[in-house]
Amino acid sequence: MLVIHKMAMFGYMMLLLGGILGLDSDRQAWIQWKLQHGKTYPSYQEEQNHMNVWLDNYKFVNEHNSRTDVTYKVELNFIADQVRNYNLF
């Protein structure tokens with residue numbers, strides 16, 4: 001529990017610092033999403049790969065939810081950083 005609390009405090013400090021340093025809102029949303037779902041990655045490169053997938057999904061969600069011709073909303077969940085693989089067979 002203490003580790004999660006420290007991680008959350010670190011994340012909120014990063015969000016605050018991001019605002020001060022001028023990180024774009026997409027990067028701040030990425031940090032917030034990682035904190036919300038407890039995401040960590042073993043290397044910088046792997047995090048970048050997951051962030052790129054997440055950014056594509058984040059843009060899709062924002063574009064979809066801003067449309068007026070749809071009757072439902074979508075949101076990011078805990079697997080929004082994962083690549084979809086439909087070629088299972």
Side-chain angles (χ1 to χ4, degrees):
M1 184 73 143
L2 184 58
V3 172
I4 293 172
H5 178 69
K6 285 183 180 181
M7 212 167 93
M9 286 300 296
F10 175 74
Y12 291 123
M13 289 176 62
M14 290 300 293
L15 286 172
L16 178 61
L17 183 60
I20 292 169
L21 295 177
L23 287 180
D24 62 24
S25 61
D26 291 354
R27 181 64 64 121
Q28 290 183 28
W30 163 248
I31 294 169
Q32 185 176 0
W33 179 85
K34 285 193 321 177
L35 287 170
Q36 178 183 357
H37 296 287
K39 295 286 186 160
T40 58
Y41 305 96
S43 69
Y44 175 79
Q45 185 59 48
E46 188 165 338
E47 179 167 347
Q48 293 304 300
N49 293 340
H50 283 273
M51 183 182 73
N52 288 333
V53 171
W54 181 89
L55 280 170
D56 287 342
N57 290 324
Y58 180 70
K59 289 174 185 173
F60 168 80
V61 166
N62 288 331
E63 288 171 8
H64 173 86
N65 289 345
S66 67
R67 292 174 50 186
T68 58
D69 63 329
V70 294
T71 58
Y72 62 96
K73 301 289 183 188
V74 294
E75 63 184 30
L76 297 171
N77 62 16
F78 69 98
I79 57 171
D81 64 335
Q82 303 296 311
V83 175
R84 291 174 285 197
N85 185 356
Y86 295 114
N87 300 324
L88 298 176
F89 301 102

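Small disclaimer: the values here were computed from a predicted structure and weren't measured. Counting begins at 1 with the first residue of the sequence.
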Okay, side chain of [X], backbone of [Y]: is any donor-acceptor separation there less than 3.5 Å?
X	Y	result
K39	F78	yes
H64	V70	no
N57	A80	yes
N65	V74	yes

Answer yes or no: is there a side-chain heavy-atom contact under 4.5 Å between L76 and Y58?
yes
Would you say K73 and V61 make side-chain contact, with heavy atoms under 4.5 Å?
no
side-chain contact (heavy atoms from CB on, under 4.5 Å) assessment of D26 paired with K59
CA-CA 9 Å; D26 291 354; K59 289 174 185 173; 4.2 Å; yes
Quick one: closest heavy-atom pair of E46 and P42, and the distance?
OE1-CG, 3.2 Å
Rounded at 0.5 Å granularity, tell me how far [atom1] in [X] sits from [atom2] in [Y].
X	Y	atom1	atom2	answer
Q48	W54	CD	CH2	12.5 Å
R67	N62	CZ	CG	13.5 Å
N77	H37	CG	NE2	7.0 Å
R27	Q32	CZ	CD	14.5 Å

Joint hydrophobic cluster, L55 plus F60, side-chain heavy atoms closer than 4.5 Å:
yes
Transitively linked via ILVMFWY side-chain contacts under 4.5 Å: L35 with W30?
yes
Under the criterion side-chain contact (heavy atoms from CB on, under 4.5 Å), I'd like the reasoning laid out for D81 against M51: C-alpha separation, chi angles, the key distance, then a yes or no.
CA-CA 6 Å; D81 64 335; M51 183 182 73; over 6 Å; no
H50 and Q82: side-chain contact (heavy atoms from CB on, under 4.5 Å), yes or no, with the steps?
CA-CA 7 Å; H50 283 273; Q82 303 296 311; 3.5 Å; yes
